[in-house]
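Side-chain atoms are counted along with the backbone in the values below, which use heavy atoms only and exclude waters and symmetry mates. We name chains A, B, ... by the order of the sequence lines, and we start the count at 1 in each one.
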2 protein chains.
Amino acid sequence: MDTDVASVDLEMITHGPEARAKPETRLWLRMLSTTKLISTEIRKRLRAEFGATLPQFDLMAQLYRERGGLRLGELSKRTMVTNGNVTGLVERLEAEGLVVRETPTADRRVTVARLTEEGTRVFSAMAEAHETWLRELMADVGTDRIVSLWEEIGHVKRSTANHLSGIEGE
Amino acid sequence: MDTDVASVDLEMITHGPEARAKPETRLWLRMLSTTKLISTEIRKRLRAEFGATLPQFDLMAQLYRERGGLRLGELSKRTMVTNGNVTGLVERLEAEGLVVRETPTADRRVTVARLTEEGTRVFSAMAEAHETWLRELMADVGTDRIVSLWEEIGHVKRSTANHLSGIEGE
DNA sequence: AACCGGTATTTGAAATGTCAAAGGTCGCTG
DNA sequence: CAGCGACCTTTGACATTTCAAATACCGGTT
């Protein structure tokens with residue numbers, strides 16, 4: 001069981017921290033754990049300081065840069081969240097008075113979500129804190145490295161997008 | 001509104017794809033979207049080919065390298081998932097016969113989860129496919145870049161861990 | 001032996017997440 | 001203008017997620 005080639009391959013992914021895995025798997029595991037670490041921290045702070053959740057922040061960010069509002073389908077694409085999920089998210093944000101929903105008379109299939117004035121104010125404050133937190137968390141990493149990482153991860157993103165069924169703009 | 005410094009900062013995070021944001025924010029947004037892209041793909045394939053979910057895969061991976069089993073608290077730490085969540089995950093995996101739960105007589109507060117024989121078999125197949133999928137998705141990225149990315153992201157992870165309350169082993 | 005602080009897990013409420021199916025609406029075509 | 005395929009959103013079933021409170025148990029003290 002430990003002697004044939006197949007089982008050695010399998011052990012790579014699972015044995016030791018990530019020591020014997022193939023480079024792609026090691027990179028993936030590290031990306032995943034790092035992302036989890038950061039988003040857990042951001043989520044806690046958003047909750048503590050603004051009583052908001054990460055998906056709500058993401059959704060509001062999209063609406064912030066499209067002051068006229070966005071159709072729910074567009075929101076779904078931009079936030080990489082499914083349609084059904086967007087429905088609930090917008091519902092809750094509307095209940096809090098941060099977002100409004102409207103159906104244009106031109107096409108009554110559509111629902112457009114838009115930030116209220118208060119939503120805009122609240123998001124501004126959250127966005128500012130968000131940037132500060134990230135600078136804080138990445139304080140030990142030089143700006144050069146950050147910029148170069150940004151570019152390198154772009155390669156990974158493009159490669160992944162290329163090997164999917166659909167195409168992924170950024 | 002577009003003239004004072006504060007509002008310019010705010011626009012950075014939200015205006016254009018990620019064009020005018022600070023480097024840390026740009027990196028974070030790209031890490032997040034890339035991770036989402038990959039995990040969505042992996043999740044779909046896991047579901048289609050094995051009827052399993054990503055968190056189940058993660059949990060089984062931990063149990064696979066600890067044949068004697070792990071306490072739920074340990075599982076929680078290693079998978080970066082909360083205690084309450086582990087309970088439900090293990091419950092469902094047990095219902096499918098992939099995992100068993102036992103309480104050692106020595107300390108009856110503890111619950112130890114362990115892969116069944118079938119669980120081990122199933123996970124082996126999943127792990128092999130998992131590695132193949134990742135190589136496939138990252139096929140356009142050279143191995144050198146992957147290895148160097150792995151190291152660079154390590155810096156980000158360490159910096160983040162340093163600016164958290166707790167310590168994060170890998 | 002009853003108590004107590006600490007540890008380990010479960011439970012319950014609320015939010016997020018997917019997927020598939022159902023409901024409306026639009027535009028075009030016969 | 002009735003029908004039909006395509007598009008957009010909602011709904012419903014289920015899984016995952018967190019947090020906080022409750023439960024259960026251990027070890028040591030009194």
[X] [atom1] - [N] [atom2] separation (whole Å):
{"X": "A:Met80", "N": "C:dG17", "atom1": "CE", "atom2": "P", "result": "12 Å"}
{"X": "A:Leu70", "N": "D:dT9", "atom1": "CG", "atom2": "P", "result": "11 Å"}
{"X": "A:Leu93", "N": "C:dA14", "atom1": "CG", "atom2": "C1'", "result": "15 Å"}
{"X": "A:Arg108", "N": "C:dG27", "atom1": "CZ", "atom2": "C1'", "result": "15 Å"}
{"X": "B:Lys44", "N": "C:dA20", "atom1": "NZ", "atom2": "C1'", "result": "14 Å"}

Which ones in residues 46-56 of chain A lie close to DNA chain C, meaning a heavy atom under 4.0 Å from one of its atoms? A:Thr53, A:Pro55, A:Gln56
What residues form a side-chain contact (heavy atoms from CB on, under 4.5 Å) with A:Thr82, not counting sequence neighbours? A:Asn85
In sequence, state the C-alpha distance, the side-chain angles, and the governing distance for A:Phe57 and A:Phe123, and then conclude on ring-ring contact (aromatic ring centres under 6.0 Å, His included). CA-CA 7 Å; A:Phe57 176 79; A:Phe123 177 76; 5.3 Å; yes
When you group the ILVMFWY residues by side-chain heavy-atom contacts below 4.5 Å and let the links chain together, are [Y] and [X] in the same group?
{"X": "A:Val99", "Y": "A:Met126", "value": "yes"}
{"X": "A:Val147", "Y": "B:Ile153", "value": "no"}
{"X": "B:Val100", "Y": "B:Val86", "value": "no"}
{"X": "A:Leu72", "Y": "A:Val110", "value": "no"}

Face-on cation placement of A:Arg67 at A:Tyr64 ring, 6.0 Å and 45° thresholds: yes
If you look at every strand shown and take non-hydrogen atoms under 4.0 Å, does B:Lys36 touch a base, only sugar-phosphate, or nothing? nothing
Atom pairs under 3.5 Å, N or O on each side, protein against nucleotides 5-10 of chain C: can you list them with distances?
{"unit_1": "C:dG6", "atom_1": "N2", "unit_2": "B:Arg109", "atom_2": "NH1", "d": "3.0"}
{"unit_1": "C:dT7", "atom_1": "O2", "unit_2": "B:Arg109", "atom_2": "NH1", "d": "3.4"}
{"unit_1": "C:dA8", "atom_1": "OP1", "unit_2": "B:Arg71", "atom_2": "NH2", "d": "2.7"}
{"unit_1": "C:dT9", "atom_1": "OP1", "unit_2": "B:Leu72", "atom_2": "N", "d": "3.1"}
{"unit_1": "C:dT9", "atom_1": "OP1", "unit_2": "B:Thr111", "atom_2": "N", "d": "3.3"}
{"unit_1": "C:dT9", "atom_1": "OP1", "unit_2": "B:Thr111", "atom_2": "O", "d": "3.1"}
{"unit_1": "C:dT9", "atom_1": "OP2", "unit_2": "B:Gly73", "atom_2": "N", "d": "2.7"}
{"unit_1": "C:dT10", "atom_1": "OP2", "unit_2": "B:Thr87", "atom_2": "OG1", "d": "2.9"}

B:Val81 vs B:Thr105, nearer the 5' end of DNA chain D by closest nucleotide: B:Val81
Between A:Thr25 and B:Glu131, is there a donor-acceptor pair closer than 3.5 Å when you use the side chain of the first and the backbone of the second? no
